[in-house]
Amino acid sequence: MKKIILTGDRPTGRLHLGHFVGSLRRRVELQNSGEFDKIFIMIADAQALTDNADNPEKVRQNIIEVALDYLSCGIDPARSTIFVQSYVTELCELAFYYMNLVTVARLQRNPTVKTEIKMRGFSEEVADGDTTQRKGIPVGFFTYPISQASDITAFKATTVPVGEDQEPMIEQTREIVHKFNSVYGQTLVEPQILLPENRACLRLPGTDGKAKMSKSLGNCIYLSDTEKEVKQKVMGMYTDPNHLRIEDPGQVEGNCVFTYLDAFCRPEHFEKYLPEYESLDAMKEHYRRGGLGDVKCKKLLIAILNEMLEPIRERRKYWEQNIEQVYRILEEGSKTARAAAAETLNDVRNAMKINYFDDRELIAAQAEQYKQQSK
Ligand code: TRP
């Protein structure tokens, strides 16, 4: 069986370090490994609209930002197909058929949907004259896990490299695949999720120590941040609030600087930037004992991040001067993606036997039946 990757991001802002360690870095490695027959990377504009119905312009403006981030990170349009979701209209048709295979109760149990309903305030009450009303959950939003199952299955993806928050979506996709194949016969491919190996990368906290890097919390370091911005953000980062004086023993767990070092630091960084420690473990040990200041740890992190981001910034500068070319890449990619999705849709229509006009047998049998009746 062919090995195929499908993954993507919502274009609601520039991509940050959370995206990078959660999935983006891995995609580039997988692309360069040459192990995959096809790689599709999708800018999920239609999905972004499911919870940005009041701000479509944000989505429109950010398609290019996400594309620039992809290209800057080393996604190579010659080896990976970068495309825009809404151009692949076949995805809507697939989703429409899959909707019959999923219950409302099952969608309500999807943990990511549940969290997002709270986060987006869809379940909040709003004053409406003398009464209060719920803001309500948009139907499109509620059903987006089904649309995501279309995204994945349309490309016969075997592998979906994503962050941990996407696990319920892949699970739901697998259920839809099972259900479809059991009703209509073996047609769709069951995808596997590919999560980051390192725990720190599973859910990179924001610079404020809060659960997750998220634009709305203003706790992100963006891939496109300048050297100066990275420095400022790391210097202001949450550490151990009880580690007041350098001599005090410090805590490494829940200390953002160390979580980031877990995610980004490699052994050779010590040789280069802090030869007095042989490894991150040795450095953590010193911090725990006391005698190691936050600033020194932060300076190491700044050096590591800037070293990593420098080539990304350089490539971004190039692509920023070639915006028209980037749009052409997206347009070409969308055509390629559309052709692939159309093949699957054809398989699906055949399996469902809704390809009536090609079904000579159906037409002949019914014709025969009526001839017999009229005799
Ligand atoms: N839900 C993903 C996100 O919020 C974006 C996405 C849409 C996606 N369709 C997908 C990811 C299919 C992987 C596979 O970032």
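What you see is a predicted model, and the numbers here were worked out from it, not measured in a lab. Just so you know, ligand 1 is whichever comes first in the structure, and atom 1 is the first atom listed for that ligand.
- Relative orientation of the Phe40 and Phe155 rings is tilted, given thresholds of 30° and 60° on the angle between their planes.
- Applying the side-chain hydrogen bond (donor to acceptor under 3.5 Å, both in side chains) rule to Thr159 yields no partners; only residues at least two apart in sequence or on another chain are considered.
- Between Lys296 and Glu276 there is a salt bridge, since a side-chain N of the basic residue sits under 4.0 Å from a carboxylate O of the acidic one.
- Taking the six-membered ring for Trp and thresholds of 30 and 60 degrees, Tyr98 and Phe180 have ring planes more than 60 degrees apart, a perpendicular arrangement.
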Protein N/O near ligand 1 N/O, under 3.5 Å, which pairs?
unit_1, atom_1, unit_2, atom_2, d
ligand 1, 1 (N), Gln47, OE1, 2.7
ligand 1, 1 (N), Gln148, OE1, 3.0
ligand 1, 1 (N), Gln166, OE1, 2.9
ligand 1, 4 (O), Arg10, NE, 3.2
ligand 1, 9 (N), Asp151, OD2, 2.8

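- Residues Tyr222 and Asp69 bring no donor and acceptor atom of their side chains to less than 3.5 Å of each other.
- You'll find the ring centres of His243 and Tyr287 inside the 6.0 Å limit.
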